[in-house]
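Structure first, then comments.
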There are 2 protein chains.
Amino acid sequence: MNEFISEVVLSTFGPSTVGDIGLAQLDDGASFDNYIITTDGHTVKPLFFRGGNMGTLAACGTINDVSVMGARPLLLTSSLIIQAGFQRDALVRILRAMKASCDEVEAQIVAGDTKVVEDPIGLYATTTGVGRRWKGLDENIKIVRAARDYPSSFITDSGLEPGDVIIASGTMGDHGVSILSERDELSISGDLSSDVAPVWDVVRAALEAGGVTAMKDPTRGGIAGALNEMASKAGCGMVIREHNIPIRPSVRAASEILGINPFEVANEGKVVLAVMAERAERVLRAIRATRHGTDAAAIGRVTDDEKVLLETEIGALRLFDMPESDPVPRVC
Amino acid sequence: MNEFISEVVLSTFGPSTVGDIGLAQLDDGASFDNYIITTDGHTVKPLFFRGGNMGTLAACGTINDVSVMGARPLLLTSSLIIQAGFQRDALVRILRAMKASCDEVEAQIVAGDTKVVEDPIGLYATTTGVGRRWKGLDENIKIVRAARDYPSSFITDSGLEPGDVIIASGTMGDHGVSILSERDELSISGDLSSDVAPVWDVVRAALEAGGVTAMKDPTRGGIAGALNEMASKAGCGMVIREHNIPIRPSVRAASEILGINPFEVANEGKVVLAVMAERAERVLRAIRATRHGTDAAAIGRVTDDEKVLLETEIGALRLFDMPESDPVPRVC
């Protein structure tokens, strides 16, 4: 359904663009002048979950889409659609969480709108974010351009080339598995919790280390979706070492019980990056020194055969498929 | 309820701002660098109505908020929340209407998002718009600054001063009255239809004529709400000549049947402006020459007594009150 709608939207709106990155690129955001803009509707249920709430998610979802384009988060707008009679306390908790996430990256919420409806929706929040060019982005692109063509003015999904190293900024599957286990009232001991967080610190450190060629936040579709999208947009392939992908034991255990693939569900505080091989060690160290990047790992390489492959611990290769459908609806 | 939420939002987010116009000003948009950004959620029912549909409304609502700040509409983002099973044909009609309204002002839809939900909502659309400084805005501000202080970098709600002339760009009440009559299945003959349209041509002509000090699109709360907001933000009053406010006979007739005040319901293709008295004739002529401004009229004057008064045809004065509540919910 989501894909169908995206197709309808894209064919109706056409290749609208102001800068070099527009609707047709289906990247995390669009460029105009020296800015990135991105928008996301949030319909997550439950509204409050371990690790965050609708407010954290609505702010971070947008902050992260701006960040992974290499832009510094500058401002957000917030449009709320609220069911009549919605609890004041719950609303305040959600708004405070939204503000706290923005404060963490020094982004301002400059404009908003509220609509009240009778429909039984609880609360939906649509946030739009704008990010601005900054010195670290320019320096990073200069380093990349010293070695190869890099036509884009920001960091795109498709900037990778064979030989680049793939880095994941932390453990995968936390958000999707946590939300689903909460919905199923699964009583799992351990540290199951959404990873929702702004990843600007990770992105900033990576760009300052220099040599980043592509970035994406692996939300809907998980890391499997993000890697396949990056590879297919670039016309490349990848070999990903399965046992190098960071994952919490509790997430692995819950995934088995729930019968879902933790690499196909949303993360909300992670980045996957492609980095020029000769800069990978340096970028990895820089990411590991950040608050949200301590579990970062190099997980594979970009290849030239157009397939994303998963290498098992004993060296066998199998396709790392694009998820066919979203195993966890209403997760973001 | 809407006001209550706005208060909660404002007190939680605080006076967030990047440029000189931010959340605290509660203007039609916020400024950053050389841009205006604004966001609006749209929940109108029915989705299709005489004169337009959800798509026209979602595009124009945002284009107009950007325009009345004096910025040239540059781009929109569109975030759709759609009920599972929503008809493809209806979706395409809505998206085409959105695109057509953007085409009219040469704005690009550069980024979007779609979420599918089981909630019985039909379709909600949240649009965010960005507008850019342009020559006509700068020229207009230069003209105003030659005569008085004008601290703002764009056209605000509050820029008016006693002596300024108030202009309405066309007939009032069309959108709200039309939607409500459609919901009530009122069979009224005549030209009852929403006025939804992008007002950029009106704004552009007015600014190029020069001397505009304040602008607002009279949506929720109608012209009564817009004028009261402008006056109270500026610490001024107004005397508005009731019989000079343009209104269609069909809208007046339907309002009487429905028992609502046509000056308190939303317009979606109109502007109210304050203009320096010595430039008012010129601005009025310029507006009347535009496609969406043919019915424009000078309707009153700004005063210094902090009350917005309505002068009847025989010269009696009464308070032109701020609407107490929204007489037509889900109208935009």
Side-chain angles (χ1 to χ4, degrees), chain A residues 1-2 4-6 8-9 12-14 16-19 21-23 29-33 35 37-43 74-75 77-82 84 88 91-92 95-96 98-99 102 108-122 124 126 128 130 132 329-330 332, chain B residues 1-2 4-6 8-9 12-14 16-19 21-23 29-33 35 37-43 74-75 77-82 84 88 91-92 95-96 98-99 102 108-122 124 126 128 130 132 329-330 332:
Chain A
M1 183 77 185
N2 276 308
F4 157 74
I5 289 170
S6 295
V8 173
V9 171
T12 310
F13 288 164
S16 298
T17 188
V18 172
I21 307 161
L23 200 62
S31 66
F32 67 97
D33 304 343
Y35 305 84
I37 189 165
T38 183
T39 193
D40 256 326
H42 301 273
T43 61
L74 174 67
L75 64 86
T77 67
S78 153
S79 169
L80 306 174
I81 303 177
I82 306 180
R88 184 198 161 102
L91 178 61
V92 169
L95 295 177
R96 281 197 185 141
M98 197 182 285
K99 172 88 164 85
C102 289
Q108 304 292 325
I109 304 167
V110 298
D113 181 54
T114 54
K115 290 288 186 305
V116 177
V117 296
E118 297 294 328
D119 302 334
I121 62 163
Y124 298 158
T126 294
T128 303
V130 172
R132 189 154 57 181
R330 303 292 289 279
C332 55
Chain B
M1 183 74 186
N2 276 307
F4 156 74
I5 289 170
S6 295
V8 173
V9 171
T12 309
F13 288 164
S16 297
T17 187
V18 172
I21 307 160
L23 200 62
S31 66
F32 68 97
D33 304 344
Y35 305 84
I37 189 165
T38 182
T39 194
D40 255 326
H42 301 273
T43 62
L74 174 67
L75 64 87
T77 67
S78 153
S79 169
L80 306 173
I81 303 177
I82 306 180
R88 184 197 160 102
L91 178 61
V92 170
L95 296 177
R96 281 197 186 139
M98 198 183 282
K99 173 88 164 84
C102 289
Q108 305 292 325
I109 304 167
V110 297
D113 181 53
T114 54
K115 290 287 186 307
V116 177
V117 297
E118 298 294 327
D119 302 335
I121 61 163
Y124 298 158
T126 294
T128 303
V130 173
R132 190 154 56 182
R330 304 292 290 277
C332 56

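Since this is a predicted model, take the numbers as computed values, not measurements.
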Let me know if B/Leu95 has heavy atoms under 4.5 Å from chain A in its side chain, its backbone, both or neither. both
Heavy-atom pairs under 4.5 Å with chain B: which of A/Gly41, A/Gly19, A/Ala30 has the most? A/Gly41
Would you say the side chain of A/Val18 lies within less than 4.5 Å of the side chain of B/Val130, judging by non-hydrogen atoms? no
Which atoms of B/Ile109 approach chain A - backbone, side chain, both or neither, heavy atom under 4.5 Å: both
Heavy-atom distance under 4.5 Å to chain B: side chain of A/Leu91, backbone, both or neither? side chain
If I measure from the heavy atoms of chain B, does A/Ile21 come under 4.5 Å with its side chain, its backbone, both, or neither? neither
Taking all heavy atoms of B/Leu23 and all of A/Gly112, pick out the closest pair and write down the distance. CD1-N, 3.8 Å
For the pair A/Lys115 (side chain) and B/Thr43 (backbone), establish whether a donor and an acceptor sit closer than 3.5 Å, ignoring hydrogens and angles. no
So which residue, A/Thr38, A/Val8, A/Asp40, ends up with the most heavy-atom pairs under 4.5 Å with chain B? A/Asp40
Of the backbone (N, CA, C, O) and the side chain (C-beta and beyond), which part of A/Tyr124 lies under 4.5 Å from a heavy atom of chain B, both, or neither? side chain
Could you measure the distance from the CD1 atom of A/Ile37 to the OG1 atom of B/Thr128? Nearest 0.5 Å is fine. 6.5 Å
Proximal component of A/Arg330, with respect to chain B [non-hydrogen, under 4.5 Å]: side chain
When you compare the side chain of B/Val110 with that of A/Phe32, does any pair of heavy atoms fall below 4.5 Å? no
Contacting moiety of A/Ser78, where chain B heavy atoms sit under 4.5 Å: both
Which bit of B/Cys102 comes within less than 4.5 Å of chain A, counting heavy atoms only: side chain, backbone, both or neither? neither
Among A/Thr39, A/Thr77, A/Leu75, which residue forms the greatest number of heavy-atom pairs with chain B at distances under 4.5 Å? A/Thr39
With chain B as the partner, which of A/Met98, A/Arg88, A/Arg96 has the greatest number of non-hydrogen pairs under 4.5 Å? A/Arg88
